[in-house]
Enquirer: 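After the structure tokens below, expect a handful of questions from me.
We name chains A, B, ... by the order of the sequence lines, and we start the count at 1 in each one.
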Protein chains: 2
Amino acid sequence: MARIVMKFGGTSMAGIERIRHVANLVKREAEARNQVAVVVSAMAGETDRLVQLCREAASLYDPREYDVVVASGEQVTSGLLAITLQGMGVNARSYMGWQLPIRTSGHAAALIEGIDAAVLERVFSEGGIAVIPGFQGVTEAGDVTTLGRGGSDTTAVAVAAAMKADRCDIYTDVDGVYTTDPRIVPRARKLDQVSYEEMLELASLGAKVLNTRSVELAMARKVPVRVLSSFVQPEEIKPGWTEGRGTLVCEEDEVVEQRIVSGVAYSRDEAKITLLGLPYKPGVPAGVFRRLAEANVNVDMIVQSRARTSDSVNMEFTVPKRDAQRTLELMQANQAEIGFEEVRRDDEVAKISVVGVGMRSHAGVAETMFAALADKGVTIQVISTSEIKISVLIDAAYTELAVRALHAAYGLEQV
Amino acid sequence: MARIVMKFGGTSMAGIERIRHVANLVKREAEARNQVAVVVSAMAGETDRLVQLCREAASLYDPREYDVVVASGEQVTSGLLAITLQGMGVNARSYMGWQLPIRTSGHAAALIEGIDAAVLERVFSEGGIAVIPGFQGVTEAGDVTTLGRGGSDTTAVAVAAAMKADRCDIYTDVDGVYTTDPRIVPRARKLDQVSYEEMLELASLGAKVLNTRSVELAMARKVPVRVLSSFVQPEEIKPGWTEGRGTLVCEEDEVVEQRIVSGVAYSRDEAKITLLGLPYKPGVPAGVFRRLAEANVNVDMIVQSRARTSDSVNMEFTVPKRDAQRTLELMQANQAEIGFEEVRRDDEVAKISVVGVGMRSHAGVAETMFAALADKGVTIQVISTSEIKISVLIDAAYTELAVRALHAAYGLEQV
């Protein structure tokens, strides 16, 4: 007997046929005498539809009322899954965020502050299964809240932590975490295990498998998370069918396989802004980034360079593509105050990253990267590193070429 | 300053454009410094969609989970109306059935047991408007419930009673209660006032304007209900625009206009079952209706007749058309035990009723009815009467002819 959380995303809940399939997966775990809490997303597309209705209702909508509207999508799917499970003879009931309760901070993109496990303990002691809508909670004052897009993963991990689950299984439409995007490298390898830290870097670098906040929470609360596909043939669903499937996200020292680099990620979601001819004196960079922070623009990579014979510098940084135009205008509006000569914007860039906890103890990881890219004639525009990650900014046209070269250089292919 | 409840049905809430129009109507009342609670239905079609999803999920669905799913429709519209009102500068907030709370009995088709007015009093004291989803409530145990189809009218009246409202305005797609169906009698007259008792008979006889249960509750709690149309041109919405509009449903002695008959109603929703050659002895009719009651078939009109020279009787009764086949089979299965000779079913019947509290004190109302029908060659098959109503069952082909004849006979035309 194990305690597990099973989380199903919007594609897995899209329509009664898919919900029935999900119910079969849940029933399998119940038959294995596991104590199960199921966390569900809204049907694919439903949250977008509800958000759109709020936008049409008023340009500046009250987050309290937005939450009331948008939380209804998961309310529907959790009721439907409970009905479907009961129809299969499984003792299941739904518990809304306010019924459990899942206590959160303020509104729209709220944070989970705590989950009362008393209701779940009672359900389990009666041999039942709890179906919980993801993405929603309730404030101290009794208002409905939502957690922000992708919040259902976070609900699942938080529920798992509250009920001290042995495992939190995140069912999605891919069968695990890969060494890189299989659409670019067909021989990309599925990782059986990956550490929280690596998963966090991969998630924030554009791997869409898990929501970043849920990985942070899993790491903080030491919840083992398994990512696996809900798209499995009905005849495959038998006792122990999940063993060896998917990718387990766990603590670094539990990862059995030894490797220096775990994955190669890429993102084309950033744009590069270049400021030419900035005065070379204290306070100038602070002035640039203070303005960006005030405008709520997230800056990622930053480099500054100075020509040997000049008393001015050039600065390059990246911002999310959707903020690029705004950033450009912000810089232009402050050109005189900041004192640069020229500002340029380049959307045709890609960030390529290699991630691995093995870097901490192994030298030469960066050299391998730079050599592999140079070998293919790829120019590195910006470099940024963290303890377990090296990212480079390159011309977007070289994205696939660079990913393939690095994947090969670190020996990540399937054998 | 008055305290009012405004209730809007599904057609009035169907889409953001309609919701914006509703918000304008609400804003008008707020500007008149009234204390307003708004009760809303789900968007037209939405409840049907949700019910259908439950049916597809399992043939026998748990009413607790059904309620969770189906209550979401009103949750969405109440949030959207609150957002829209706020966008117009009106201080509005939504309160779900469990937040107010609206306490109800069990599940699916629950009854309202009580509404706590404390939240509403606080909202009013702060100059705010409360938006309340109709049709939903919460049990003592904290489960979401729904009131059964048409339940939003009942929510509106119950909220009005709890907050001691001066008036409960039910906005719908017709502009009041008519002396009869204007599609049959173009010169049908809108009633300015109608008593609770008359409205109750008219509602149960097929006039779809108000849900029967809501009228009973209004009568019991003496809540003045006004039925009026939400389909009004924006330029008409100015101070006092609702005066003289719609129909006020109130206590009998408040109805100013003196009249004997208030309306002519018709229903084609019933079928006639005839049992021929029943033994003429005690206990036989009881045996018939006990079996129907056990099968949950609602019997409406009943007559029994005996030929002078026979020791057997014939019995005729009506049941809802949807139960006619079931009733026929039930009778056939019990033919030997009940002891009748033959059973017949006739779906081609219509029930025509005249309703009016004036009947109590005026003789000759029935004679006028029978004479008017005889004059047009309409054969009366079954008659049933109550204190303020006379109903006859006739061949359905004569429905319109009979309605027109009666409407004229009682002088109900517009002048």
Enquirer: Between B/Met96 and chain A, with a heavy-atom cut-off of 4.5 Å, which part of the residue counts as in contact: side chain, backbone, both or neither?
Expert: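 B/Met96 touches chain A through side-chain heavy atoms alone.
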Enquirer: Looking at A/Gly87, A/Ala58, A/Ala57, which makes the most heavy-atom pairs under 4.5 Å with chain B?
Expert: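 Sorted descending by pairs with chain B, the first entry is A/Ala57.
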Enquirer: Go through B/Val131, B/Leu85, B/Val76, B/Ile83 and name the one with the most non-hydrogen pairs under 4.5 angstrom from chain A.
Expert: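 Of B/Val131, B/Leu85, B/Val76, B/Ile83, B/Ile83 has the most heavy-atom pairs under 4.5 Å with chain A.
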Enquirer: Find the distance between CD1 (A/Ile102) and CD1 (A/Ile112) and round it off to the nearest 0.5 Å.
Expert: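 Answer rounded to 0.5 Å: 5.5 Å.
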Enquirer: Compare all side-chain heavy atoms of A/Ile237 with those of A/Leu25 and state whether any distance is below 4.5 angstrom.
Expert: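 With C-beta onward as the side chain, the pair touches.
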Enquirer: Is there side-chain contact between A/Phe8 and A/Val26, with heavy atoms separated by less than 4.5 Å?
Expert: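 Yes - at least one pair of side-chain heavy atoms lies under 4.5 Å apart.
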Enquirer: So, using side-chain contact (heavy atoms from CB on, under 4.5 Å) as the criterion, who are the partners of A/Ala161 when residues are at least two apart?
Expert: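 With neighbours one apart ignored, the set is A/Arg221, A/Val223.
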Enquirer: If you count heavy-atom pairs within less than 4.5 Å of chain B, which of A/Ala92, A/Gly15, A/Gly79 leads?
Expert: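 Result: the option with the highest number of such pairs is A/Gly79.
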Enquirer: Go through the atoms of A/Leu60 and report whether side chain, backbone, both or neither lie under 4.5 Å from a heavy atom of chain B.
Expert: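 Looking at A/Leu60, nothing touches chain B.
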Enquirer: I'd like to check A/Ile129 versus A/Val90 (side-chain heavy atoms, cut-off strictly below 4.5 Å). Are they in contact?
Expert: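 Result yes, sub-4.5 Å side-chain heavy-atom pair found.
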Enquirer: Heavy-atom distance under 4.5 Å to chain A: side chain of B/Ile16, backbone, both or neither?
Expert: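 The side chain, not the backbone.
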Enquirer: So, for A/Gly97 and A/Pro133, which heavy atoms are closest and what is the spacing to 0.1 Å?
Expert: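 For A/Gly97 and A/Pro133, the tightest heavy-atom pair comes out as N-CG, 4.1 Å.
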Enquirer: May I have a table of the donor-acceptor pairs connecting chain A and chain B at distances under 3.5 Å?
Expert:
| unit_1 | atom_1 | unit_2 | atom_2 | d |
| --- | --- | --- | --- | --- |
| A/Arg20 | NH2 | B/Glu56 | O | 2.5 |
| A/Arg20 | NH2 | B/Ala57 | O | 3.4 |
| A/Glu56 | O | B/Arg20 | NH2 | 2.5 |
| A/Ala57 | O | B/Arg20 | NH2 | 3.4 |
| A/Asp62 | OD2 | B/Gln86 | NE2 | 2.8 |
| A/Arg64 | NH1 | B/Ser94 | O | 2.9 |
| A/Arg64 | NH2 | B/Ser94 | O | 3.0 |
| A/Glu65 | OE1 | B/Ser94 | OG | 2.5 |
| A/Glu65 | OE2 | B/Ser94 | N | 3.0 |
| A/Val68 | O | B/Gln75 | NE2 | 2.9 |
| A/Gln75 | NE2 | B/Val68 | O | 2.9 |
| A/Gln86 | NE2 | B/Asp62 | OD2 | 2.8 |
| A/Arg93 | NH2 | B/Asp143 | OD2 | 3.3 |
| A/Ser94 | N | B/Glu65 | OE2 | 3.0 |
| A/Ser94 | O | B/Arg64 | NH1 | 2.9 |
| A/Ser94 | O | B/Arg64 | NH2 | 3.1 |
| A/Ser94 | OG | B/Glu65 | OE1 | 2.5 |
| A/Gln99 | NE2 | B/Gly142 | O | 2.8 |
| A/Gly142 | O | B/Gln99 | NE2 | 2.8 |
| A/Asp143 | OD2 | B/Arg93 | NH2 | 3.3 |

Enquirer: Looking at every heavy atom in both B/Val138 and B/Pro101, which two are closest together, and how far apart are they?
Expert: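 It is CG1-CB, 3.9 Å.
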Enquirer: Is it the backbone or the side chain of A/Val70 that comes under 4.5 Å from a heavy atom of chain B, or both, or neither?
Expert: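 Answer is neither: A/Val70 stays 4.5 Å or more from chain B.
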Enquirer: Do A/Val38 and A/Ile132 touch side chain to side chain, with heavy atoms closer than 4.5 Å?
Expert: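 They are not in side-chain contact.
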Enquirer: So do A/Val159 and A/Leu120 actually touch side chain to side chain, heavy atoms under 4.5 Å?
Expert: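 Yes, at least one pair of side-chain atoms sits under 4.5 Å.
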